[in-house]
Amino acid sequence: MSSSPAVPKTSPGLSALDNLSMSSLLSGDLEEGAEVGELADLEVNPYDSLPFSSRYYTLLEERRGLPVWSLKYSLLEHLETHSMVVLSGEGGTGKSTQVPQWCVEYALSHQFTQGLVCCCQPYAAAACSLAIRVADEMDLSLGLEVGYRVPHDDGCTPDTLLRFATDSLLLQEMMSDPLLRQYGVLVVDEAQERTVATDVLMGLLRDVCRQRCDLRVVVLAAPAVASTIANFLGEGVPHLTINPPSDKPIVETLYRDPPAGRDPASASCQMVLDLHRRGEEGDILVFLPSAQEIHECAALLEKESVALSPQLGALRVLLLHSGLGGATQQVYDTEGAEGQAEQKEEQTGLDSSEESGLRRRVILTDALGEASFSLSNIRYVIDTGLQLKTVYNPQIRADSQVQQPISKHQADTRSQRVNSKLPGVCFRLYPQSLYEEGMPEARCPGVAEANLSHLVLLLKRLDIADMGQCKFLDRPAPEALMQALEDLDYLAALDDDGNLSEVGIIMSELPLEPPLAKALIAACEFDCVSEMLTIAAMLTASPCFVTPPPNKEEAAATHRRPFLHSEGDHLTLINVYNAYLQHNEDEAWCSTNFLNASALRLAVVIRAELLEVMQRIELPVSPPAFGCQDNSTNIKRALISGFFLKVAHDVDGSGNYLLLTHRHVAHLHPFSSYLCRRPRPNPPSWVLYHEFTISHDNCIRTASEVHPHMLVELAPQYYLGNLPPSEGKDLLMEIRQSLLPADERENGETENKRHGDRAGEHRDQYSAEMCILQ
């Protein structure tokens with residue numbers, strides 16, 4: 001049961017605000033000049049009943065200058081008469097910061113009787129950043145009236161009126177509150193990102209609005225996709241468009257063929273240095289394929305900038321990608337090149353061109369910087385035209401890491417990030433022919449590239465809550481839905497009718513990928529819950545081992561060896577986690593041992609959250625027993641219960657592992673305990689692994705030795721029968737036959753046929769269900 005929304009206190013001194021009710025705002029009686037004068041007389045914030053600060057009025061003047069401001073009263077008017085509204089505009093027009101505030105004004109005009117306001121974002125870093133900015137503009141306290149809720153970090157209270165959340169968490173809320181009754185207005189921001197959660201939310205919210213006439217939904221998107229989204233949401237959904245600003249920066253686009261043999265990081269580094277040597281003002285925004293290239297480019301710039309002339313000024317390199325968490329806020333540095341120039345001109349009376357040595361910001365980012373962050377003083381944009389994407393292949397049940405060209409829409413968005421009073425330039429480090437002929441028009445939707453098992457689990461849970469059927473802006477591939485349904489059936493998450501089983505319902509409560517959720521549930525049976533909680537937390541957080549620079553690889557390996565467990569990588573994770581706690585979560589200790597302190601901090605938070613969920617749903621939590629052989633065996637039993645789909649067999653005794661489900665050959669990751677221990681043991685014959693990604697090295701990550709008898713004992717029998725032919729499958733089938741009583745061995749063939757028939761029945765059922773889901 002959701003708590004009733006808190007209503008801000010009404011101050012006796014708010015008579016002027018009382019006159020500014022929604023009807024008076026929309027009546028047309030207020031002219032712009034009258035609005036300014038009337039607002040300027042107000043001294044009390046209606047949301048916390050405290051006097052406005054001088055900074056509020058300074059920021060208010062800046063807000064009125066944003067291109068989106070002209071649509072304020074049009075949007076408020078449409079909210080009075082329409083359940084859903086689409087608003088589109090280019091990045092930097094102010095829609096992400098202003099529209100949520102106007103929605104709060106709308107909710108206030110109704111005394112928040114319809115619910116609170118929530119703005120969802122695809123990126124956690126953007127949600128946190130927007131909450132900080134909007135709280136500042138509204139002159140309110142972050143964490144009280146304005147807050148954020150992102151995975152593993154809840155910065156809200158029951159009295160929070162405006163919440164910034166990730167789209168995945170808002171979707172997760174629908175499991176317990178299918179109609180989202182605690183909210184009166186929902187803002188779906190950056191819809192052009194086409195994440196799985198955003199696409200599904202738009203489909204579900206269409207139906208929710210039909211059942212809740214008091215709910216209002218505002219979808220914010222880039223102009224290129226806004227019309228498509230408006231048509232999808234239904235006839236009569238208004239589409240408001242922000243006109244480009246009259247003083248839009250002049251941007252020249254120049255194409256540069258990438259130097260032969262140079263990777264994106266080094267090519268971008270060279271372009272930054274060339275621009276800096278010109279001595280012209282302006283900060284630089286660089287778009288790179290991934291976080292790895294961002295860090296490589298930063299290291300190159302740090303190395304090369306030592307040789308630059310001091311008269312050119314310093315380069316301040318700032319990183320912006322999702323893995324940085326709260327550190328992304330550093331990009332909002334008020335001391336950009338133009339800001340310094342203006343300040344020097346005011347203080348000295350000299351033209352900025354006469355002064356040298358201005359500090360220039362160089363912001364290195366990936367797709368996160370395309371729309372979610374509005375950066376000032378950007379004069380130069382360097383676009384590599386590449387992105388690193390993780391694409392799931394349902395046929396082989398594996399991710400592929402692919403570096404591929406961005407879309408034309410993304411390229412246009414990147415060039416629009418120029419935000420300078422001086423003429424700007426976008427350098428595209430690719431030929432013009434690639435833009436015109438080699439780039440797709442728009443980005444590929446997430447539902448076409450992601451593993452859909454968790455999504456199908458969620459939709460099944462919503463069916464239990466009578467949520468009806470979900471529509472998709474773009475339909476998922478039939479084979480992806482088929483594979484997701486089959487995997488959930490293998491995990492015993494579905495009953496014979498295709499609905500969620502009791503196990504499936506519990507799995508949907510745990511904020512984990514389905515195999516890991518099933519392993520944690522199985523740990524209750526095998527009395528190793530404490531250890532599985534730690535493993536689940538460590539696997540959900542970022543990798544705990546830091547990749548060392550080439551000159552420190554041996555030192556890192558030496559520090560890593562004390563953590564290694566003879567039973568495999570999963571138990572090694574427990575050793576690392578326990579050692580981290582024993583050293584009082586000390587960052588210096590992490591740095592010395594080449595461990596990722598932020599990943600370990602996050603693992604502590606995730607483990608506590610998982611424990612809280614298990615206690616809430618009254619699952620038994622066994623006490624710690626780590627260290628004894630029985631406990632190690634039970635941990636592996638629990639892992640097999642969830643990850644029997646991820647088992648590999650060494651085909652030649654030299655570490656070449658054939659993955660049973662799709663016959664790919666892979667190798668252990670270099671950080672695996674089996675490769676790092678001294679003396680190095682023989683590679684295990686059978687391993688269970690957590691992750692396999694098709695990339696340049698084809699490694700399986702986090703692998704532990706398992707016995708094939710365990711696999712035969714714990715994996716569904718019809719799953720074993722459906723494995724593709726291999727020596728490993730033959731061995732498993734022999735073990736299964738040997739474990740049968742003598743009188744049943746003769747019936748083995750009949751049993752296999754029965755299991756095959758059952759699998760066929762499920763496939764037919766899945767085909768029918770796919771029609772419903774689509």
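The figures that follow rest on heavy atoms only: side chains count, while hydrogens, waters and symmetry mates do not. As the structure is a prediction and not an experimental result, all values here were calculated from the model.
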A.B. asks: Mark yes or no for whether Ser622, through its side chain, and Val529, through its backbone, hold a donor-acceptor pair below 3.5 Å.
C.D. replies: yes

A.B. asks: To the nearest 0.5 Å, what is the distance between OG on Ser290 and CD on Gln403?
C.D. replies: 7.0 Å

A.B. asks: Heavy-atom count check: over 12 atoms from other residues, nucleotides or ligands less than 6.0 Å from Gln401 CD?
C.D. replies: yes

A.B. asks: Does Pro514 reach the side chain of Asp487, with side-chain heavy atoms less than 4.5 Å apart?
C.D. replies: no

A.B. asks: Checking the side chain of Thr633 only, and the main-chain atoms of Gln629 only, is there a donor and an acceptor separated by less than 3.5 Å?
C.D. replies: yes

A.B. asks: Less than 4.5 Å apart, any side-chain heavy atom of Met84 and any of Met202?
C.D. replies: no

A.B. asks: Taking the side chain as every heavy atom from C-beta outward, state whether Pro394 and Met482 have any pair of such atoms under 4.5 Å apart.
C.D. replies: no

A.B. asks: What do the steps show when you test Leu201 against Met174 for side-chain contact (heavy atoms from CB on, under 4.5 Å), and what is the final call?
C.D. replies: CA-CA 9 Å; Leu201 271 173; Met174 296 189 76; 4.0 Å; yes

A.B. asks: Can a donor-acceptor pair be found between the side chains of Tyr123 and Glu193 at a distance below 3.5 Å?
C.D. replies: yes

A.B. asks: Please check: side-chain N/O of Tyr674 versus main-chain N/O of Glu705, any donor-acceptor pairing under 3.5 Å?
C.D. replies: yes

A.B. asks: Does anything in residues 611-641 pair up under ring-ring contact (aromatic ring centres under 6.0 Å, His included), and if so which pairs, sequence neighbours excluded?
C.D. replies: His565-Phe626

A.B. asks: Give every residue pair that meets the salt bridge (charged side-chain N to carboxylate O under 4.0 Å, His left out) criterion with at least one member in residues 606-622, sequence neighbours excluded.
C.D. replies: Glu509-Arg616

A.B. asks: Is Arg212 reaching over with its side chain to a backbone N or O of Leu179, donor-acceptor style, under 3.5 angstrom?
C.D. replies: yes

A.B. asks: Would you say the side chains of Asp167 and Thr198 form a donor-acceptor pair under 3.5 Å?
C.D. replies: yes

A.B. asks: Rounded at 0.5 Å granularity, tell me how far CG in Leu512 sits from NZ in Lys518.
C.D. replies: 14.0 Å

A.B. asks: Output every pair passing salt bridge (charged side-chain N to carboxylate O under 4.0 Å, His left out) with a member in residues 640-657, not counting sequence neighbours, ordered by first then second residue.
C.D. replies: none

A.B. asks: Scan Leu711, Leu660, Leu639, Leu688 and name whichever one has a side-chain contact (heavy atoms from CB on, under 4.5 Å) with Phe644.
C.D. replies: Leu711

A.B. asks: Treating Lys460 as the side-chain partner and Gly498 as the backbone partner, does any N or O pair qualify as donor plus acceptor under 3.5 Å?
C.D. replies: yes

A.B. asks: Is any side-chain heavy atom of Leu659 closer than 4.5 Å to a side-chain heavy atom of Tyr689?
C.D. replies: yes

A.B. asks: In Å and rounded to the nearest 0.5 Å, what is the CG to OG1 distance from Asn451 to Thr390?
C.D. replies: 12.0 Å

A.B. asks: Where does the angle between the aromatic ring planes of His664 and His662 fall among parallel (under 30°), tilted (30 to 60°) and perpendicular (over 60°)?
C.D. replies: perpendicular

A.B. asks: May I ask you to test the Val200-Phe472 pair for a side-chain heavy-atom distance under 4.5 Å?
C.D. replies: yes

A.B. asks: Can you tell if the side chain of His669 reaches within under 4.5 Å of the side chain of Phe545, non-hydrogen atoms only?
C.D. replies: no

A.B. asks: Side chains of Ile635 and Phe526: does their closest heavy-atom pair fall under 4.5 Å?
C.D. replies: no

A.B. asks: So, does Thr534 use its side chain to make a donor-acceptor pair with the main chain of Ile574 at under 3.5 Å?
C.D. replies: no

A.B. asks: Walk me through it: do Leu170 and Leu186 pass the test side-chain contact (heavy atoms from CB on, under 4.5 Å)?
C.D. replies: CA-CA 10 Å; Leu170 184 60; Leu186 295 170; 4.2 Å; yes

A.B. asks: At their closest point, which heavy atom of Val196 faces which heavy atom of Val447, and how far apart are they?
C.D. replies: CG2-N, 3.7 Å

A.B. asks: Using modelled atom types and a 3.5 Å cut-off, is there a donor and acceptor pairing between side-chain atoms of Tyr657 and backbone atoms of Ile700?
C.D. replies: no

A.B. asks: Does the cation-pi check pass for Arg163 over Tyr183, that is, NZ or CZ under 6.0 Å from the six-membered ring centre and within 45° of its axis?
C.D. replies: no

A.B. asks: Without swapping roles, check the side chain of Ser704 against the backbone of His570 for a donor-acceptor pair under 3.5 Å.
C.D. replies: yes

A.B. asks: Are any side-chain N or O atoms of Arg194 and backbone N or O atoms of Leu473, one a donor and one an acceptor, separated by less than 3.5 Å?
C.D. replies: no

A.B. asks: Quick one: salt bridge (charged side-chain N to carboxylate O under 4.0 Å, His left out) pairs with a partner in residues 632-643, sequence neighbours left out?
C.D. replies: Glu567-Lys636, Arg637-Glu713

A.B. asks: How would you list all residue pairs meeting salt bridge (charged side-chain N to carboxylate O under 4.0 Å, His left out) that involve residues 525-538, not counting sequence neighbours?
C.D. replies: none

A.B. asks: If you measure from CG on Leu485 to CG on Leu481, what distance do you get to the nearest 0.5 Å?
C.D. replies: 6.5 Å

A.B. asks: Sorted by first residue and then second, give each side chain to side chain donor-acceptor pair (under 3.5 Å) pair with at least one member in residues 723-732; sequence neighbours left out.
C.D. replies: none

A.B. asks: Asn596 versus Pro543: any side-chain heavy-atom pair under 4.5 Å?
C.D. replies: no

A.B. asks: Rounded to the nearest 0.5 Å, how far apart are CG of Leu573 and CG of Asn578?
C.D. replies: 11.0 Å

A.B. asks: Using a 3.5 Å distance criterion without hydrogens, assess whether the side chain of Asp569 forms a donor-acceptor pair with backbone atoms of Ser673.
C.D. replies: yes

